[in-house]
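Let me begin by presenting the structure, written as structure tokens, before commenting on it.
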Amino acid sequence: MQLDLASRDDEFKEVTASMRRLMLSLLGNAEDYSVVPIQGGGSFAMEAALSSFVSRIHKPLVCINGIYGERILQILRLWGVEALKLVKRATDPLDPREIGEYLSKHPDVTHLCFVHCETTTGIVNPLQELVQEAKRRGVKTIIDAMSSFGALNIDLGDRGPDVLVTSSNKCIEGPPGVAFVVASRQLLEHAVQEPRSFVLGVRDQWLSLERTGEWRSTPPTHIVQATAMALKILHEEGIDARRRRYEKVRDKIIKELEGIVSPLLSPDLQSPVCVAFSAPSGIVDQAGFDGLYRHLAAHNLYVYSKLHLATRSFRVGCIGEIQSSWIEQLGCAFRTYFRAGQARSERPVSAQAAAARAKVSAQAAGDQQLCLPAETAVLHAGYRRDPATKAVAVPIYQNTAYELDGDLSHIADVYNVKADGFTYTRIINPTTRALEKRYAAVDMGRDSLAVASGQAATFLAIVNLSSGDVGDNVVASPYLYGNTWNLLHNTLKRLGISVRTADPRRPETFERAIDDRTICLFGEVISNPCLIPLPVKQLAEIGRRYGVPLVVDNTTTPLVCRPADLGAAITTYSATKYISGHGTTLGGLIVDNGEFSYRGASRFPLFNRPDEAHGGIVWHNAVRDVGDLGKSEFLLKARMTWLRDTGAAIAPFASFQLIQGLETLPLRMKQHCANASIVANALKQHPKVRRVFYPGLFEGADREIVEQTLNTAYGYGAMVMFEVEDEQAGRKFIQNVELMYHVSNVGDARTLVTHPVSTTHTTVPREKREAAGIFGGSIRLCVGIEDVNDILRDLEKALSAI
């Protein structure tokens, strides 16, 4: 449960104390040091530290081999402090012997200031050796550790620096808003601040926290709480493990950009937190780099925007949860930019023009990347060519097992989810993996998992969230496909998961139904067959407030709705329908939109403690050890437990068939929607039609939800419900269709028609059927992509027979 700490002083003080203890623990628990949290960013904390420990009577030496060392010098000189400087190239680490000799020649130096990891170029300065040189001469050390604390081990217990400054949003991976000054208690006791009204006194802040537990300047409660949680996660992960994770990300970025730009330094000289690249040919000044930056920004890819002219380099930060998909998008954007010759353009290019050029050049180049628009992604994302034959089409790997050759320890790592690899087709298959990566790109999700059917997708998506104990519950819309309703209300009930229904037209009913055992909210974006719209954006926000993911079934509206853009955590599809389009193949997809974190949540214990279903694995640790499958903790767990154990695997040939259908999805959905709109308007005018239900015709509150939820550039979907006079008229209509197919399926390229009362709902009691909006004269149309005039003629023929 989240605490409203602002109204509960004791809890707030305890979180602050816990945050300070965790910081110190990560630094070796040195007894003669204390942690002083500061409201603000890292630069402000550095100003506060310099203000508190350096006065005009001192003579500090600032060692500079990058722009952050220069910042320290500028702060001191702004205050009139007579600071000396020792400048090195940004590509060279500071030399302890040289600095020791300098200090010997200048015995009046009182402080040594430098940056541990100078991320201008990624250079790492030898912290311990430099500190020892200073201590031998009685010189105090003040260290900028913004980009090293949490990624490199720093042990204050072994004669460490006197002052260390860092911030919450760097390697701690917390939110911005809290910074830390870690200083020796002796220094804190004797710190004397010169009057500088815009800087907080570190000593006063420390005394207040030590004596009363209260801040002199208090950040927002949620920032403190989130920072404490981030430190706890860092403590559990371990600094060495985090460093390895950062190094893996750094190495992937280098590999992805190989042949486009080169690392400025060898990886052994660089910080694990970032990698600096030499500016490529065509970028000779800041204006040239700005063109590249605008191009990246047009793709929602943000890197450090300033070219370091001294070394003609720029950096990419590897801080935080950088995913493989982001790295792939970065590579795609770089390639399209330089192929298009934009680096040689002298005139500035607008973001809109950059985006348009990127789209054209990406289409021409055909790169398999996730940054492409849907029309291109359906053809190129996730797969380029067969490495052996260079075949362009995704092959059908119609096999069950894969030869286990090579290093046995690596093979064990693959089975133990410590490395990528193919083991058994029930779990992973190359054809299916191409489908998964491609659809994740199309849907703008983090990753996807393909399974045997849409029903299997819904089942696995929900049970993957279960705690493993009886008593979990799902809060769901009542307007669901019949078999989904039965899955929730009967099958899941037998697994100890109950269902509570809530009204999608009243989102507050979902909120009232949530308790501490709710594992998800669930609904269909546009329900089948009643076409009730789901307020995805509002439900996602409710879910965020309570730490409950929203799972939506988007089967009837792929591309027409992108749940990822609306905050939904998980999207499921029956790929049998529109994604396939040809009515030949069963398949389902689960997409993780990357909008939800399971870490630390008590309602999801199987994500946060060792999972006995896979040898005691902890999923948020496992996801860091794999590359290709490391994009989604949720799907990694689903794949390695529920899919493995239920056997709901899709066949490789089915995956191949779905890829064929997917390639034309954008074209088909636009035609489906265009035809459906014409058909709905024609039915609305027909004298024998009593009512028409179609999202494009909705008014009032339903219209507002539809406009908020659907991408009307595609349209309003392909499904239309209408009513004729009674059940007898409905039966007569069905018996007189000729072009349209009378089937209970939806989502075919052909127009499909169903009379629910005489087919799918024949056994449902009348009162329940009508409560769900299905009456004797209800007809469901799934409008196909035929010539719309032929569809209209067939409708007119059948209606005339009534």
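Please read all numbers here as calculations on a predicted model, not as lab measurements.
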| query | Mind checking whether Phe634 and Tyr598 have parallel, tilted or perpendicular rings, split at 30° and 60°? | reply | parallel

>> Treating Ser168 as the side-chain partner and Pro175 as the backbone partner, does any N or O pair qualify as donor plus acceptor under 3.5 Å?
In response: yes

message = For Arg644 and Arg639: C-alpha separation, side-chain torsions, deciding distance, then whether side chain to side chain contact (heavy atoms under 4.5 Å, CB included) applies.
response = CA-CA 6 Å; Arg644 178 199 64 188; Arg639 181 188 299 275; over 6 Å; no

One should read off an interatomic distance between Leu629 CG and Met640 CE, to the nearest 0.5 angstrom, of 5.5 Å

Can you list the steps and then say if Asp469 with Arg517 is a salt bridge (charged side-chain N to carboxylate O under 4.0 Å, His left out)? CA-CA 10 Å; Asp469 297 320; Arg517 295 297 302 278; 5.3 Å; no

Counting only N and O atoms by type, is there a donor-acceptor contact under 3.5 Å from the side chain of Asp472 to the main-chain atoms of Ile519? no

Checking Glu436 side chain against Ala450 main chain: does a donor-acceptor pair fall under 3.5 Å? yes

In terms of heavy-atom contacts, Val626 and Asp420 come closest through CB-OD1, 3.6 Å

On a heavy-atom basis, the closest approach of Gly600 and Asn608 is N-OD1, 2.6 Å

Inset, instruction - State plainly whether the residues Arg433 and Asp447 are in salt-bridge range, i.e. N to O under 4.0 Å. - result: yes

Is it the case that more than 12 heavy atoms not belonging to Glu612 sit under 6.0 Å from its CD atom? no

What class does the angle between the rings of Phe604 and Phe607 fall in, given that below 30° is parallel, 30 to 60° is tilted and above 60° is perpendicular? perpendicular

pair Ile462-Val474: side-chain heavy atoms closer than 4.5 Å: yes

May I ask you to say whether Arg446 pairs ionically with Glu595, meaning some side-chain N is under 4.0 Å from a carboxylate O? no

- Task: Check for a donor-acceptor pair, side chain of Thr571 on one end and backbone N or O of Pro563 on the other, with a separation under 3.5 Å.
- Result: no

query = Side chains of His489 and Asn486: closer than 4.5 Å at any heavy-atom pair?
reply = no

- prompt: With a 4.0 Å cut-off, would you call Glu14 and Arg21 a salt bridge?
  reply: yes

Requested in this report: For salt bridge (charged side-chain N to carboxylate O under 4.0 Å, His left out), just list the numbers for Asp565 and Lys537, CA-CA rounded to whole Å, side-chain angles, deciding distance to a tenth of an Å, and then say yes or no.
Outcome: CA-CA 9 Å; Asp565 293 340; Lys537 194 169 185 179; over 6 Å; no

**Item:** Under 3.5 Å donor-acceptor, Thr518 side chain and Asp515 backbone
**Value:** yes

Only residue of Val249, Ile253, Ile327, Ile254 satisfying side-chain contact (heavy atoms from CB on, under 4.5 Å) with Val316 is Ile253

Q) Got Leu152 and Ile239 here, is their nearest side-chain heavy-atom distance under 4.5 Å? A) no

Asp625 bridged to Arg244 by N-O distance under 4.0 Å:
no

Next item on the list: Output yes when a side-chain donor or acceptor of Ser466 lies under 3.5 Å from a complementary backbone atom of Val463, and no otherwise.
Entry: yes

- Query: Given the rule in the salt bridge (charged side-chain N to carboxylate O under 4.0 Å, His left out) test, do Glu236 and Arg242 qualify, once you have shown the distances and angles that lead to the verdict?
  - Reply: CA-CA 10 Å; Glu236 292 171 352; Arg242 184 158 293 189; over 6 Å; no

Would you say Lys252 has more than 12 foreign heavy atoms packed within less than 6.0 Å of its NZ? yes

Contact check, side chains of Ser148 and Val273, non-hydrogen atoms, under 4.5 Å = no

For Ala241, does its backbone N or O pair with a side-chain atom of Arg624 as donor and acceptor, under 3.5 Å?
-> no

Just checking Gln128: does its CD atom have more than 12 heavy atoms from other residues, nucleotides or ligands closer to it than 6.0 angstrom? yes

| request: Using modelled atom types only, decide if a donor and an acceptor are shared between the side chain of Arg500 and the backbone of Ala513 within a distance under 3.5 Å. | output: yes

Separation between OG (Ser467) and CD1 (Ile497), nearest 0.5 Å, reads 8.0 Å

Minimal heavy-atom distance between Gly647 and Arg426, with the atoms involved, is CA-CD, 3.7 Å

- Message: Between Lys255 and Glu258, does any NZ, NE, NH1 or NH2 come within less than 4.0 Å of an OD or OE carboxylate oxygen?
- Response: no

For Thr16 and Phe12, indicate whether the former's side chain and the latter's backbone hold a donor-acceptor pair under 3.5 Å.
yes

### Stepwise ring pair (Phe, Tyr, Trp, His ring centres under 6.0 Å) check, Tyr397 with Phe422
CA-CA 12 Å; Tyr397 288 93; Phe422 294 97; 7.8 Å; no

Exercise for review: For the pair Arg315 (side chain) and Gly122 (backbone), establish whether a donor and an acceptor sit closer than 3.5 Å, ignoring hydrogens and angles.
Suggested key: no

Exercise. Yes or no on side chain to side chain contact (heavy atoms under 4.5 Å, CB included) for Thr646 and Leu460, after CA distance, side-chain angles and deciding distance?
Worked result: CA-CA 9 Å; Thr646 62; Leu460 264 65; 4.1 Å; yes

| request: Could you tell me whether Glu247 and Arg243 have a side-chain N and a carboxylate O separated by less than 4.0 Å? | output: yes

Looking only at the side chains, is there a donor atom on one of Tyr246 and Ser271 sitting less than 3.5 Å from an acceptor on the other?
no

Problem set entry | Side-chain heavy-atom pair Lys493, Ser498 within 4.5 angstrom cut-off | no

| request: Return yes when atom NZ of Lys248 has more than 12 non-hydrogen atoms of other residues, nucleotides or ligands closer than 6.0 Å, and no otherwise. | output: yes

What one should report as the nearest heavy-atom pair of Tyr546 and Glu511 is OH-OE2, 2.8 Å

All heavy atoms of Ala461 vs all of Val551, minimum pair found to be CB-CG1, 4.4 Å

Item to check | pair Val552-Thr572: side-chain heavy atoms closer than 4.5 Å | outcome: no

To the nearest 0.5 Å, atom CD1 of Ile579 lies from atom OG1 of Thr555 at 7.5 Å

